[in-house]
Asks: 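Sharing a structure below in structure tokens format, with a few things to ask.
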Amino acid sequence: MNAEGLVEVVLPGKVEPEGLEIRHGAVPAAGPGQVVIRMEATGVSFAEQQMRRGRYYDQPAFPFVPGYDLVGTILTTGEGVEPALAGTRVAALVKVGGWASHVLVDAADVVPVPDGIGAAEAETVVVNGITAWQMLHRKAHVRAGQTILVHGANGGVGSVLVQLAQAADVKVIGTASARHHDALREQGVIPVDYRTEDVAARVRELAPAGVDAVFDHVGGRSAVDSWHLLAPGGTLVSYGSASTRDDEGSKQWPVLKLLGRVWLWNALPNRRRAYFFNVWAGRALAKNRFRAQLRADLTQVFGALQRGDVTAQIAAQLPLTRVADALRLAESGTVAGKVVLNP
């Protein structure tokens, strides 16, 4: 056996970032169909910020190890898994469990990371990249020459979405606070300040016939406004409820309310479509199809990263044991890109 030990971060309950616990243990053994990944990079995403408040709508019972995705090298393989996979760098979307030095994953859930892409770089586009790619190409089916509105264009998902859209020759209007506008303009995005401008009025000025798609991570009132900005044939993709992050009360209700609206909008005879995007949709019903799409789409995103269509935005890299600082930094709203954790 190897002499390495397991280091993992445990979320014991609703705590401030300082309340996260570091636990040591034995490296897990790979069972049939499984691999053990030695983590090289994992990240702080919006999900963990919700989970520590007990507000992520299908989080497991406390205590658990958070960590939505990871990149690492396969250390050991279980029975029925190609032993030659050991030593290859892979990415995995796990929802929980990623904040650990060693992670047990089904071999069917890992996606190879192409040569020449570093672990931290790859990590920045796993959950954000897969979300952006699927919303753009599987939900909104964007085409060259179209115009889209991206809320939070400087955010984790938003920034990848903007770059993938531009690689597809799509015109982008992006909302962000003023300090991000110069960077967005350099990328060819038309910025709108959601704090000081009337977003709806400004977007109507820029796209009088409406936009072909809106990507909205805010939910609530924002999703309603977004719907009214769509051109006939347009698509609203809502993928979160950031507006309720700090609310107390039901974590299901904002999602259910939005799903109700989506259902109602889709019933209207106006050729517009609304989706509530969840990266895990379809996994329970058709696991093999889910895995095939995930592999295909993440491979496309890694290709875009290799070509330079997408730039990896690493806000900071901190060791796993400094997870409280990493979470504070990610929640501060002062950084651009992904806060990455290394072992």
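Throughout, residue positions are numbered sequentially from 1 according to the sequence presented.
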Asks: Nearest heavy-atom pair of M39 and G98: which atoms, and what distance?
Replies: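 Shortest heavy-atom contact: CG-O, 4.2 Å.
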Asks: Could you check if a side-chain atom of W99 sits within less than 4.5 angstrom of a side-chain atom of L20, using non-hydrogen atoms only?
Replies: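 With C-beta onward as the side chain, the pair touches.
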Asks: Taking side chain as C-beta onward, heavy atoms only, is L236 less than 4.5 Å from S226?
Replies: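 Result yes, sub-4.5 Å side-chain heavy-atom pair found.
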Asks: Does R138 have more than 12 heavy atoms from other residues, nucleotides or ligands lying within 6.0 Å of its CZ?
Replies: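 Buried by this count: over 12 neighbours within 6.0 Å.
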Asks: Considering only heavy atoms from C-beta outward, does the side chain of R23 approach that of V65 to under 4.5 Å?
Replies: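 Yes, close enough: below the 4.5 Å cut-off.
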Asks: When you measure from the side chain of Q134 to the backbone N and O of T131, does any donor-acceptor pair fall under 3.5 Å?
Replies: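 Flag not set: sc Q134 to bb T131 has no pair under 3.5 Å.
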Asks: Are the side chains of T147 and V170 in contact, using a 4.5 Å heavy-atom criterion?
Replies: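 No, every pair of side-chain atoms sits at 4.5 Å or beyond.
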Asks: Indicate the atoms forming the closest heavy-atom contact of A132 with L161, along with that distance.
Replies: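 Reported closest heavy-atom pair: O-CD1, 3.5 Å.
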Asks: Run the salt-bridge test on D193 and R195 with the 4.0 Å N-O cut-off and return the result as yes or no.
Replies: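 No, this pair does not count.
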Asks: Run the side-chain hydrogen bond (donor to acceptor under 3.5 Å, both in side chains) test against R273 and tell me which residues pass, sequence neighbours left out.
Replies: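 side-chain hydrogen bond (donor to acceptor under 3.5 Å, both in side chains) check on R273 returns N266.
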Asks: Are the side chain of E48 and the backbone N or O of L327 linked by a donor-acceptor pair below 3.5 Å?
Replies: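 No; zero donor-acceptor contacts below 3.5 Å.
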Asks: Would you please test N342 and L320 for side chain to side chain contact (heavy atoms under 4.5 Å, CB included) and show each step?
Replies: CA-CA 6 Å; N342 307 119; L320 195 57; over 6 Å; no
Asks: Is there a chain of hydrophobic side chains (I, L, V, M, F, W, Y, each step under 4.5 Å between heavy atoms) that links Y194 to I173?
Replies: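 Yes; I173 is reachable from Y194 via cluster members.
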Asks: With salt bridge (charged side-chain N to carboxylate O under 4.0 Å, His left out) as the criterion, how do E331 and R52 come out once you've worked through the C-alpha distance, each side chain's angles and the decisive distance to 0.1 Å?
Replies: CA-CA 12 Å; E331 292 189 13; R52 79 164 184 84; 2.9 Å; yes
Asks: With a cut-off of 6.0 Å (strictly less than), are more than 12 heavy atoms of other residues, nucleotides or ligands near CD of E18?
Replies: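 Correct, the count exceeds 12.
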Asks: Is a donor on one side and an acceptor on the other found under 3.5 Å between the side chain of Q146 and the backbone of R143?
Replies: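 Indeed, once roles are kept as given, a pair shorter than 3.5 Å links the two residues.
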Asks: For residues Y56 and V96: do they belong to one hydrophobic cluster (side chain heavy atoms under 4.5 Å, members Ile, Leu, Val, Met, Phe, Trp, Tyr)?
Replies: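 Cluster IDs for Y56 and V96 match.
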Asks: Are any of the side-chain heavy atoms of W280 and L93 separated by less than 4.5 Å?
Replies: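 SC-SC contact between W280 and L93 confirmed.
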Asks: Where is the tightest heavy-atom contact between I148 and F215, given as atom of each residue plus distance?
Replies: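 The pair with the smallest heavy-atom distance is CD1-CE1, 3.8 Å.
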Asks: Please report the C-alpha distance between R272 and D212 in whole Å, then the side-chain angles of each, then the deciding distance to 0.1 Å, and finally whether the salt bridge (charged side-chain N to carboxylate O under 4.0 Å, His left out) criterion is met.
Replies: CA-CA 9 Å; R272 298 184 182 100; D212 298 294; over 6 Å; no
Asks: So that I can tick it off, tell me whether D198 and R204 are bridged by a salt bridge, with the cut-off set at under 4.0 angstrom between side-chain N and carboxylate O.
Replies: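 Looking at R204 and D198, the cut-off is not met.
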Asks: Does the pair V36 and V103 meet the rule for a side chain to side chain contact (heavy atoms under 4.5 Å, CB included), with working shown?
Replies: CA-CA 6 Å; V36 173; V103 183; over 6 Å; no
Asks: Does one side chain, of E40 or T73, offer a donor that lies under 3.5 Å from an acceptor on the other?
Replies: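 Per modelled atom types, E40 and T73 side chains form a pair under 3.5 Å.
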Asks: Please report the shortest heavy-atom distance between L229 and A200, naming the atom on each side.
Replies: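 That would be CD2-O, 3.6 Å.
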Asks: Are F290 and L285 close enough, and set up right, to give a side chain to side chain contact (heavy atoms under 4.5 Å, CB included), and what steps lead you there?
Replies: CA-CA 9 Å; F290 173 87; L285 298 170; over 6 Å; no
Asks: Between the main-chain N or O of T311 and the side-chain N or O of Q163, is there a donor-acceptor pair closer than 3.5 Å?
Replies: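 A pair under 3.5 Å: yes.
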Asks: Is a donor on one side and an acceptor on the other found under 3.5 Å between the side chain of R295 and the backbone of V110?
Replies: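 Judged by distance alone, yes, a pair lies under 3.5 Å.
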Asks: Set out, in order, the CA-CA distance, both residues' side-chain angles and the distance that settles salt bridge (charged side-chain N to carboxylate O under 4.0 Å, His left out) for D69 and K95, then state yes or no.
Replies: CA-CA 6 Å; D69 59 5; K95 195 187 284 188; over 6 Å; no
Asks: Is there a side-chain contact between V189 and Q166 in this structure, where contact means two heavy atoms from C-beta onward sitting under 4.5 Å apart?
Replies: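 In contact.
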Asks: From Q306 CD over to T299 OG1, what is the distance, rounded to the nearest 0.5 angstrom?
Replies: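 It comes to 10.0 Å.
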Asks: Look at the aromatic rings of F64 and F62 and report parallel, tilted or perpendicular, splitting at 30° and 60°.
Replies: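 If you compare the ring of F64 with that of F62, the planes turn out parallel.
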Asks: Are the side chains of V279 and I130 in touch, meaning some heavy atoms are under 4.5 Å apart?
Replies: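 They are in contact (side-chain heavy atoms under 4.5 Å apart), so the answer is yes.
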Asks: What distance separates T235 OG1 from W227 CH2, expressed to the nearest 0.5 Å?
Replies: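 These two atoms lie 9.0 Å from each other.
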Asks: Calculate, to the nearest 0.5 Å, the distance between atoms CG and NE2 belonging to N154 and H180 respectively.
Replies: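 Going from CG on N154 over to NE2 on H180, the span is 4.0 Å.
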Asks: Which distance, rounded to the nearest 0.5 Å, do you find between the OG1 of T76 and the CZ of R38?
Replies: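 Answer for the OG1-CZ pair, T76 versus R38, is 9.5 Å.
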Asks: Do L164 and D309 come close enough that some side-chain heavy atom pair is under 4.5 Å?
Replies: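 A side-chain contact is absent here, since even the closest heavy-atom pair is not under 4.5 Å.
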Asks: Is there a donor-acceptor pair under 3.5 Å between the side chain of H141 and the backbone N or O of H137?
Replies: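 Pair found, side chain donor or acceptor close to backbone of H137.
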Asks: Take T88 and E82 through the side chain to side chain contact (heavy atoms under 4.5 Å, CB included) test and state the conclusion after the steps.
Replies: CA-CA 11 Å; T88 53; E82 185 56 56; over 6 Å; no
Asks: Could you pull out the closest heavy-atom pair between A312 and L305, with the gap in Å?
Replies: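 So the minimum-distance heavy-atom pair works out to N-CD1, 3.7 Å.
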Asks: Okay, side chain of Q34, backbone of G31: is any donor-acceptor separation there less than 3.5 Å?
Replies: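 Yes, Q34 side chain to G31 backbone: donor-acceptor pair under 3.5 Å.
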Asks: Taking NZ, NE, NH1 and NH2 as the nitrogens, is one of them in R291 or D106 under 4.0 Å from a carboxylate oxygen of the other?
Replies: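 Salt bridge between R291 and D106, a charged N being under 4.0 Å from a carboxylate O: yes.
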Asks: Whether the side chain of H102 engages the backbone of I37 through a donor-acceptor N/O pair (distance < 3.5 Å, no angle test) should be reported.
Replies: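 Looks like no, no N/O pair under 3.5 Å.
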Asks: In this structure, would Y68 and V111 fall into the same cluster of hydrophobic residues linked by side-chain contacts under 4.5 Å?
Replies: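 Shared cluster, yes.
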Asks: Rounded to the nearest 0.5 Å, what separates atom OG1 in T175 from atom NE2 in H151?
Replies: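 Reported value, rounded in 0.5 Å steps: 5.5 Å.
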Asks: Following the transitive rule for hydrophobic clusters with a side-chain heavy-atom cut-off under 4.5 Å over Ile, Leu, Val, Met, Phe, Trp and Tyr, establish whether I314 and V162 coincide in one cluster.
Replies: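 The answer is no; the residues belong to distinct hydrophobic clusters.
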Asks: Just how far is it from atom CD of E4 to atom OG of S101, taken to the nearest 0.5 Å?
Replies: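 So the gap between those two atoms works out to 7.5 Å.
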Asks: Could you go through S238 and D216, starting from their C-alpha distance and side-chain angles, then the distance that decides it, and tell me whether this counts as side chain to side chain donor-acceptor pair (under 3.5 Å)?
Replies: CA-CA 5 Å; S238 183; D216 186 304; 4.7 Å; no
Asks: Looking only at atom types and distance, does a side-chain atom of S159 sit under 3.5 Å from a main-chain N or O of G155, one as donor and one as acceptor?
Replies: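 Yes.
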Asks: Does one hydrophobic cluster hold both V340 and V90, with members joined at side-chain heavy-atom distances below 4.5 Å?
Replies: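 Looking at the clustering, V90 is in a separate group from V340.
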Asks: Taking R55 for the side chain and M51 for the main chain, is one N or O donor matched with an acceptor at less than 3.5 Å?
Replies: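 The answer is no, because no donor-acceptor pair under 3.5 Å joins these two groups.
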Asks: Answer yes or no: is there an ion pair linking R328 with D325, defined by an N-O contact shorter than 4.0 Å?
Replies: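 The answer is no: the pair does not qualify as a salt bridge.
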Asks: Taking all atoms of both residues into account, what is the closest heavy-atom pair of L318 and L329, and its distance?
Replies: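 For L318 versus L329, the nearest heavy atoms are CD1-CD2, 4.4 Å.
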